[in-house]
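First up is the structure itself, then whatever we jot down about it.
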Amino acid sequence: MDTPDIITLAEARTLGTSRRALQNSRAEHHLHGLYSPLRRERDGETLHRSLLRAASSAATDVASHESAARLWGFPGSMVPSEIQLLSISGDRRRRVQGMAGRRGLVLPDETTVLGGIPVTTPARTWLDLARTSGVLRLVLWADWLFNPVWGGDWEREPLATPTELRALLDRHRGKPGIRKARAAADRAKVGSDSPKETELRLALVDAGLPEPAVNQWIIDPRTGSRVHRGDLTYDEFRIDLEYEGEHHSRPGQVQRDIARAERLRAADWLELRFSSMHSRHGWLPAVHKTREALLSRGWVPRGD
């Protein structure tokens, strides 16, 4: 049997490795009670995963919070400076350098195993992060959970559903960050293909413009056929909003974008294209551009 990369003292005894062997010059001490029988070079990601695997080996703790977010690949997540653990037995770990232990109500369906590491589910991880995260970040993450294709993996299944998030909110009333989580859940939408699409949608609504639909099919009224699945659309005003990421500069994509624009124009739809320059100053250029287009198509602001 191969010796694990990082082991506890109890595992060392099972493997026939003495405490003295773990304290020699070839071994490496990581955190309280966690050792590597042999020193080796690791990047931060690999070390973090190995420490989590070893620290949760007793099945009383699961990776949680920032550690779980990194394991699941939450957009923008970083390897935390401490491994984050949540006790599923109700015990709080003694605080040691490099390890943050927490306790709280953890139901059986709120944990799973990922890559051999016990971890909170994506939805529970999202809820745990609400305590230290802003509403905008929580909305971005919720949109990603509902449609985790950000980055181009179009075959991925949703990591969570709106129903699952709502169930978590209902069963964890009073949990720190619950108000922010509820506000974020109210604003999250299924179908967003990128964080920029989510940011643009939220900026438009916060500026008092109508909320666009997310990833809805545009239907040609003359033929009843599908024309295009728009990033953000105003069906009533026949306006399609497209956020063009870097991949839209590729020759093949440029040709597809031109063909799309021609189909939309033939169906009497107005296409608005956005890029990173429209996100400046809190998306004000995008808000102005969209407002002018809506007005040109007959939208009447409230109060006018």
Side-chain angles (χ1 to χ4, degrees), residues 48-49 51-53 55-56 58-115 117-148 150 157-190 192 195 198-199 201-202 205-206:
H48 183 250
R49 288 174 177 265
L51 289 171
L52 286 172
R53 188 175 290 109
S56 59
T60 58
D61 298 293
V62 298
S64 66
H65 296 76
E66 288 82 5
S67 286
R70 186 61 183 174
L71 290 175
W72 287 113
F74 276 50
S77 63
M78 306 292 288
V79 176
S81 58
E82 299 179 306
I83 62 172
Q84 309 282 321
L85 298 171
L86 185 62
S87 172
I88 59 177
S89 63
D91 298 328
R92 185 190 297 274
R93 274 184 175 269
R94 156 169 95 82
R95 180 79 182 200
V96 298
Q97 185 177 4
M99 184 186 299
R102 299 179 173 88
R103 63 182 176 185
L105 175 63
V106 186
L107 300 180
D109 63 349
E110 295 172 4
T111 66
T112 186
V113 177
L114 180 65
I117 303 172
V119 61
T120 51
T121 62
R124 174 59 194 255
T125 301
W126 174 84
L127 181 57
D128 285 335
L129 293 174
R131 181 173 187 172
T132 57
S133 303
V135 173
L136 173 59
R137 176 64 60 183
L138 291 171
V139 176
L140 289 172
W141 281 335
D143 277 11
W144 172 75
L145 291 174
F146 299 159
N147 194 38
W150 298 4
E157 294 294 323
L159 296 175
T161 65
T163 300
E164 187 176 357
L165 290 194
R166 290 294 180 188
L168 274 174
L169 294 172
D170 288 342
R171 70 170 63 151
H172 290 286
R173 301 175 187 272
K175 180 178 173 62
I178 193 69
R179 291 185 179 180
K180 287 186 291 181
R182 290 189 186 281
D186 287 341
R187 305 198 67 182
K189 298 290 183 183
V190 174
S192 175
T198 294
E199 289 180 15
R201 173 176 65 83
L202 296 177
V205 175
D206 288 344

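Within 6.0 Å of CZ on R179 lie no more than 12 heavy atoms contributed by other residues, nucleotides or ligands.
Checked by atom type and distance alone, the side chain of S133 pairs as donor or acceptor with a backbone atom of L129 at under 3.5 Å. In this structure a side-chain-to-backbone donor-acceptor pair under 3.5 Å is missing from R49 to I117.
One finds the OG1 atom of T111 at 9.5 Å from the CG atom of L86 (value rounded to the nearest 0.5 Å). Rounding to the nearest 0.5 angstrom, the gap separating the CG atom in L168 from the OG1 atom in T125 is 10.0 Å. Between the CD1 atom of I83 and the NE2 atom of H65 there is a distance of 13.5 Å, given to the nearest 0.5 Å. To the nearest 0.5 Å, atoms CG (L145) and CD (E164) are separated by 8.5 Å.
With sequence neighbours left out, the side chain to side chain contact (heavy atoms under 4.5 Å, CB included) criterion links A185 to W126, R166, L169. In this structure T132 satisfies the side chain to side chain contact (heavy atoms under 4.5 Å, CB included) test together with E66, sequence neighbours excluded. With sequence neighbours excluded, the residues that form a side chain to side chain contact (heavy atoms under 4.5 Å, CB included) with P162 are F146, V190. In terms of the side chain to side chain donor-acceptor pair (under 3.5 Å) criterion, D170 has no residue partners (sequence neighbours excluded).
Residues A123 and L165 share a closest heavy-atom pair of CB-CD2, 3.7 Å. Nearest heavy atoms, D61 versus S87: OD1-CA, 3.5 Å. R131 approaches P176 most closely through the heavy-atom pair CD-CB, 3.6 Å.
Side-chain contact between L127 and I178 is present, with at least one heavy-atom pair separated by less than 4.5 Å. The side-chain heavy atoms of L85 and L52, taken from C-beta on, include a pair separated by under 4.5 Å. Side chains of Q84 and H48 form no contact here, defined as non-hydrogen atoms less than 4.5 Å apart.
Here salt bridge (charged side-chain N to carboxylate O under 4.0 Å, His left out) pairs that include residues 121-130, with residues two or more places apart or in two chains, are E110-R124, R124-D128, D128-K175. Listed by first and then second residue, the side-chain hydrogen bond (donor to acceptor under 3.5 Å, both in side chains) pairs that reach into residues 136-147 are D143-T198, D143-R201, N147-D193, sequence neighbours excluded.
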Donor-acceptor pairs under 3.5 Å, side chain of residues 68-79 to any protein atom, not counting sequence neighbours: which ones?
from: R70; atom 1: NE; to: E45; atom 2: OE1; distance (Å): 3.0
from: R70; atom 1: NE; to: E45; atom 2: OE2; distance (Å): 3.2
from: R70; atom 1: NH1; to: S77; atom 2: O; distance (Å): 2.7
from: R70; atom 1: NH2; to: E45; atom 2: OE1; distance (Å): 2.7
from: W72; atom 1: NE1; to: T120; atom 2: O; distance (Å): 2.8
from: S77; atom 1: OG; to: F74; atom 2: O; distance (Å): 2.7

